[in-house]
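Below is one structure, written out as structure tokens; the observations come after it.
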Amino acid sequence: MQQLLNGLFLGSIYALFAIGFTLVFGILDRLNLAHPAVFAAAAFVGIELVTVGGLSIWVALPLVAVFGAVLGLVIERVVFRPLKDRPDAHFAGLIGSIGLGGMFIALLLWRYGPDTRRFPVDAFPSTAFEIGGARVTLLQVAILVISVVLMAGLTWLVARSRLGRAMRAVAENPRAATVLGLDVNRVTATTFALSSALGAVAGALFAMNVNSAQLGMGSAIELKGLAVIIVGGMGSLPGALVGGLILGLAEVFAVQYVGSSWRDLVAFGLLFLLLIVRPQGLFGSRRVREV
């Protein structure tokens with residue numbers, strides 16, 4: 001029971017990170033590899049807001065989301081918009097986002113140095129509960145609730161709101177969306193802002209969960225985020241959610257029953273097996289190739 005709960009808490013963070021990743025890919029068909037740098041930057045900014053600014057964690061989290069949204073707008077405006085009309089726009093955007101992400105990390109190194117940063121001990125109450133013989137902290141419950149609420153809100157936004165309909169129209173056919181009067185650049189920028197805001201909150205929650213923020217934390221989770229969106233189905237928001245939970249549970253149970261050194265092997269091995277059984281991902285659909 002304890003490991004099941006731990007896996008759910010960790011998986012919810014992976015899912016939140018992966019949903020931000022897949023939002024841009026699913027709607028704009030672009031892979032934003034600066035997303036992990038936003039994840040790391042948000043953790044450092046969140047810690048500074050609490051330690052230096054003296055803010056409550058509940059005030060700092062919305063500010064972290066805004067910070068992430070601003071970074072998303074910068075990524076879209078500096079990298080993806082200027083390259084969108086190139087014949088190799090996909091590859092150029094991929095390389096450009098890697099470069100901009102590296103610049104973000106360099107700025108973090110200049111601002112905070114190479115040392116690990118942590119939240120103050122009293123940043124969040126240390127209250128704990130007993131559930132079925134398992135110990136659950138109030139922080140873990142808060143992380144799970146925040147992640148689920150944000151993921152549910154995003155799912156509703158994409159499926160039901162006017163902005164969501166505009167996003168889906170752009171995803172289907174950008175030229176047709178322009179003919180219908182949609183501002184494609186505005187929809188694209190909003191998508192990047194939402195994606196990076198989710199990634200930023202995921203970074204702050206992850207730093208809270210392990211009480212540690214390091215410059216390489218985004219790179220460590222990047223491969224897992226990519227694996228999650230592939231297993232869930234490229235561009236599928238529900239798939240990113242389920243894939244993140246599967247990865248979190250696999251890691252926790254691997255540590256418990258096999259050993260910490262086998263964690264990544266077991267987790268990625270399970271994801272690999274899932275892809276063998278269902279190559280298009282859990283929620284993906286087979287593409288028919290026309291000749």
Side-chain angles (χ1 to χ4, degrees), residues 8 11-32 35 38-39 42 58 61-73 75-76 80-81 84 141-205 225 228-246 248 280-287:
L8 288 176
S12 66
I13 298 176
Y14 287 162
L16 190 60
F17 175 85
I19 280 179
F21 232 151
T22 200
L23 181 64
V24 168
F25 183 86
I27 292 176
L28 305 175
D29 199 23
R30 297 289 187 271
L31 194 57
N32 172 25
H35 196 65
V38 175
F39 179 86
W58 301 112
L61 275 178
L63 293 178
V64 164
V66 172
F67 169 74
V70 171
L71 288 184
L73 293 174
I75 294 168
E76 189 274 335
F80 287 92
R81 189 179 299 187
K84 68 177 183 178
V141 174
I143 288 174
L144 181 61
V145 170
I146 292 170
S147 299
V148 170
V149 168
L150 288 177
M151 289 184 284
L154 179 66
T155 302
W156 176 87
L157 179 73
V158 173
R160 299 298 181 89
S161 71
R162 182 177 181 181
L163 175 61
R165 289 193 293 271
M167 287 178 172
R168 286 183 279 119
V170 171
E172 186 68 27
N173 192 321
R175 292 184 178 180
T178 302
V179 172
L180 292 173
L182 292 177
D183 188 339
V184 173
N185 285 334
R186 183 177 179 181
V187 173
T188 300
T190 303
T191 302
F192 270 92
L194 287 173
S195 169
S196 294
L198 292 174
V201 174
L205 293 178
V228 164
I229 65 174
I230 291 172
V231 168
M234 298 296 283
S236 170
L237 296 181
L241 169 60
V242 174
L245 294 177
I246 290 175
Q280 70 270 31
L282 295 175
F283 290 81
S285 56
R286 293 184 179 272
R287 293 186 177 183

ask   = Between Ser196 and Gly72, which heavy-atom pair has the shortest distance, and what is it?
value = OG-CA, 3.1 Å

task = Determine the minimum heavy-atom distance between Ala204 and Ala42, stating which atoms define it.
result = CB-O, 4.5 Å

ask   = Does a side-chain heavy-atom distance below 4.5 Å link Thr22 with Val228?
value = no

request  = Please round to the nearest 0.5 Å and tell me the distance separating atom CZ of Arg30 and atom OG1 of Thr188.
outcome  = 9.0 Å

query = Checking side chain to side chain contact (heavy atoms under 4.5 Å, CB included) against Leu163, which of Met167, Arg160, Arg165 comes through?
reply = Met167

key: Non-neighbouring partners of Asn173 that pass side chain to side chain donor-acceptor pair (under 3.5 Å), sequence neighbours left out   = none

ask   = So, do Phe192 and Asn32 sit near enough that their side-chain heavy atoms are less than 4.5 Å apart?
value = yes

key: Pro238 side chain near Thr155 side chain, heavy-atom distance below 4.5 Å   = no

Point-to-point distance, once rounded to the nearest 0.5 Å, from CD1 of Ile229 to CG of Leu23 = 11.0 Å

key: Atom pair CG (Leu154) and OG (Ser161), whose distance is rounded to the nearest 0.5 Å   = 9.5 Å

message = Restricting to non-hydrogen atoms, name the atom on Ala202 and the atom on Phe17 that form the minimum distance, rounded to 0.1 Å.
response = CB-N, 3.9 Å

query = Who pairs with Val242 by side chain to side chain contact (heavy atoms under 4.5 Å, CB included), at least two apart in sequence or on another chain?
reply = Ile246, Leu282, Phe283

request  = Evaluate the criterion side-chain contact (heavy atoms from CB on, under 4.5 Å) for residue pair Val24 and Glu76; output intermediate values, then yes/no.
outcome  = CA-CA 10 Å; Val24 168; Glu76 189 274 335; over 6 Å; no

ask   = Considering all heavy atoms of both residues, which atom of Leu150 and which atom of Leu16 are nearest to each other, and what is their separation?
value = CB-CD1, 4.0 Å

task = Could you tell me how the ring of Phe21 sits relative to the ring of His35: parallel (under 30°), tilted (30 to 60°) or perpendicular (over 60°)?
result = tilted

remark   = So CG of Asn185 and CZ of Phe80: to nearest 0.5 Å the spacing works out to 14.0 Å

note = On a heavy-atom basis, the closest approach of Ala18 and Gly225 is CB-O, 4.1 Å

request  = With rounding to the nearest 0.5 Å, note down the distance linking CD1 in Ile146 to CD1 in Ile13.
outcome  = 10.0 Å

request  = Could you check if a side-chain atom of Leu157 sits within less than 4.5 angstrom of a side-chain atom of Leu194, using non-hydrogen atoms only?
outcome  = yes

request  = Would you mind reporting whether Val38 and Ile75 have side-chain heavy atoms less than 4.5 Å apart?
outcome  = yes

key: Shortest non-hydrogen contact between Ala65 and Ala197, atoms and distance   = O-CB, 3.5 Å

